[in-house]
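Structure first, then comments.
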Amino acid sequence: MGIRIIKPGLSDSFQDCGRYGFQHLGIPPGGVMDEVAATVANALLGNASKEPVLEMHFPAATILFETSMMMSLAGADFGAQINGVDVAMHQAILVPAKAELRFIKHKKGARVYLAVEEGFKIDEWLGSYSTSVVVNRGGFCGRNLKKNDFIAFNNPEDLEIDTLTHLPWIASVGEFYTNNMIRFIAGNEYPVLEKISQKTINTKSFIISKQSSRMGYHLEGQALLLSEKMECLSSAVNFGTIQLLPNAQLIVLMADHQTTGGYPRVGHVATTSLPTLAQASVGDSIRFELETIEAAEANYLQQQQNLQQLVNACNFRLQEYFRNE
Amino acid sequence: MLQAATYQIYPIGDQAITLDYGGFMSDRVNQQIMQLFHALKEWQIDGILDIIPAYHSISIVYELKKIKKQIGNQSAYNYLEKQLRHAAANLLEQRVETGREMVIPVCYDLSLAPDLAELAAMHKMSIDEVIDVHCAVKYRVYMIGFLPGFAYMGKVADSIATERKSTPRLKVPAGSVGIAGNQTGIYPFESPGGWQLIAQTPVSLFDAEKEPPTYLQPGDIVSFKPIGLEEFHDLKNNKI
């Protein structure tokens, strides 16, 4: 009862909402890059939000469902097909046994999340199922997926699904993403930026460079300068911390960031903008917009409330569907 | 008795806050940070995810939703800022906590210390003199970062302090002991790295199956005990 990897993708790993409580020992939290997408993928199946999901980049894995299962996809649209038939994003799908899921086209976004009902049977380490490649723990054998890996479902039941079926509702996620506008709060070294560089950050666009990964996004844009030379001893950094590198370019630290860093911190991406940033691909252009910590908090609480409403609606529809079946 | 010091408090995200004394590498300031670390761990506030001490700062990562449930209308950031000021003010009355004393065997054999000869030449010292200076000091683990279990220790004597290599190595073996400026550290994993490598320890600095998985913790006091190549291999093979 599970899936088999027919062909691995560029980097497919299991992630949950992160491994917290060990950053003082240098152990990074990791976790999903796009928490909204992971939450929605789980909600469509009635799973808890923290249930680990499979995060895939393009090209993504080709996956055989050895047994039937209810699944969902959220986040990036990579042209998913099951047995050659297009399947929808943000919809619960009943998948028959021996069905092959593949992704044929990079249409939109940077990472897709695959969830199955009741989740996957994978490894926990220090309270999280997120894959830590450095430590080789968590997720599936502490590593990215390889050809022929078999990942069991938590749900041992055979659902006996004969035909590929989309359940008749779609989770609407548009409101959780902005086109390319990334809100941020000022970092401690923001005032040390030259005035012209502050203006550049707030008005010009930045391109996500090829060296970007789950650890961080290197940005290409107009050179930014500090008004005085600074040397900082390392201190804690965060998912979304925007640092100014010695080459006058920015890096935004992402989910697999190291726990500490010493480069000047010009800002920190607002949590509400992280899903948008997580779905920005190499070559995409983004813009920054400064906001206050108070506004960032209010926006986050609003976003969470809206997300909770979507989760509730998904659960309601799911219960209703199986009650009437 | 500790002296009060000035500090800044600032956000490092909308769900993380830092208290920062600023300045340089200082045992006294780092001792205050470790005291704060222990004090903050006792907080009865729901929603604290991580408390991360560093050289002269300490950061808290928190769940905004959970904090807000406990505090009503004010912003979570303002609430935690007040709590941090309160904790920092009360440090004066607390006793100074000292870290664990750890002795780590290290082998300075040139086969395990690719930068030792050049570093000695750079400082116009013999290799034995560099080893003596490196072993003479009890180092403080100021913080852990960069890699799981990578301890930033100091303060390395000025006579052997050496800047990072201009071109980092792509592969530094696990257990390598390095110098970067006035810091010394040990790589728990094979990794890319730019520190000047002057020794290697047979001790495993990270074991995922142990609780906690890191051999060193922030605030520990570390001294290095030189061992020969034979003992190095014996200890390494016995997996002490």
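These numbers come from the heavy atoms of this one structure, side chains and all, not from hydrogens, waters or symmetry mates. Each chain gets a letter, A, B and so on, in the order the sequences are listed, and its residues count up from 1.
Of the atoms belonging to A:Phe22, heavy atoms from both backbone and side chain fall under 4.5 Å from chain B. If you measure heavy-atom distances from B:Ile51 to chain A, the contacts under 4.5 Å come from the backbone alone. Within the 4.5 angstrom heavy-atom criterion, atoms from both the backbone and the side chain of B:Phe146 approach chain A. In this structure, the portion of A:Ile293 lying under 4.5 Å from any heavy atom of chain B is its side chain and not its backbone. When heavy atoms are compared at a cutoff of 4.5 Å, A:Ile185 approaches chain B solely by way of its side chain, counted from C-beta outward. Only the side chain of B:Glu211 comes within less than 4.5 Å of a heavy atom of chain A; its backbone N, CA, C and O stay farther away. Both the backbone and the side chain of B:Tyr55 come within less than 4.5 Å of a heavy atom in chain A. Only the backbone of B:Leu216 comes within less than 4.5 Å of a heavy atom of chain A; no side-chain atom from C-beta onward does. Contacts between B:Tyr142 and chain A at a heavy-atom distance below 4.5 Å are absent for every atom of the residue. For B:Pro11, the parts lying near chain A are the backbone and the side chain together; criterion is any non-hydrogen pair under 4.5 Å. Using a 4.5 Å cut-off between heavy atoms, A:Glu294 contacts chain B through its side chain alone, with no backbone atom that close. Contact annotation for B:Ser75: both backbone and side-chain heavy atoms come within less than 4.5 Å of a heavy atom of chain A.
Within 6.0 Å of the NZ atom in A:Lys50, the count of heavy atoms belonging to other residues, nucleotides or ligands does not exceed 12. Around the CD atom of A:Glu35, the shell of radius 6.0 Å holds no more than 12 heavy atoms that belong to other residues, nucleotides or ligands. Residue A:Tyr177 places its OH atom among more than 12 non-hydrogen atoms of other residues, nucleotides or ligands, all under 6.0 Å distant. Residue B:Lys171 qualifies as open at atom NZ: its count of foreign heavy atoms under 6.0 Å is 12 or below.
Contacts from residues 238-254 of chain A to chain B, taken as heavy-atom pairs separated by less than 4.5 Å, involve A:Asn238, A:Thr241 in sequence order.
When side chains are defined from C-beta on, A:Ser132 does not count as touching B:Pro148, because their heavy atoms never get closer than 4.5 Å. Between A:His24 and B:Pro53, the closest side-chain pair of non-hydrogen atoms falls below 4.5 Å. Using a 4.5 Å heavy-atom cutoff, the side chains of A:Tyr300 and B:Gln15 are in contact. Looking only at side-chain heavy atoms (C-beta outward), A:Ser235 and B:Ile58 stay at 4.5 Å or farther from each other.
Between the CD atom in A:Gln258 and the CZ atom in B:Phe150 there is a gap of 10.0 Å [rounded to 0.5 Å]. Rounding to the nearest 0.5 Å places CG of A:Leu301 at 6.0 Å from NZ of B:Lys68.
What you find for B:Pro213 and A:Leu25 is that their closest heavy atoms are CD-CD1, 4.4 Å. Nearest heavy-atom pair across B:Ile12 and A:Ala236 is CD1-O, 3.7 Å.
For the pair B:Asp14 (side chain) and A:Thr271 (backbone), a donor-acceptor distance under 3.5 Å is present.
Comparing A:Thr260, A:Leu233, A:Ile27, A:Thr259 by how many heavy-atom pairs each has under 4.5 Å with chain B, the most go to A:Leu233. The candidate from A:Ala270, A:Ser234, A:Pro28 with the greatest count of non-hydrogen atom pairs under 4.5 Å with chain B is A:Ser234. The candidate from A:Arg265, A:Gln304, A:Glu297 with the greatest count of non-hydrogen atom pairs under 4.5 Å with chain B is A:Glu297.
With salt bridges taken as basic N to acidic carboxylate O contacts below 4.0 Å, one links A:Arg137 and B:Glu209.
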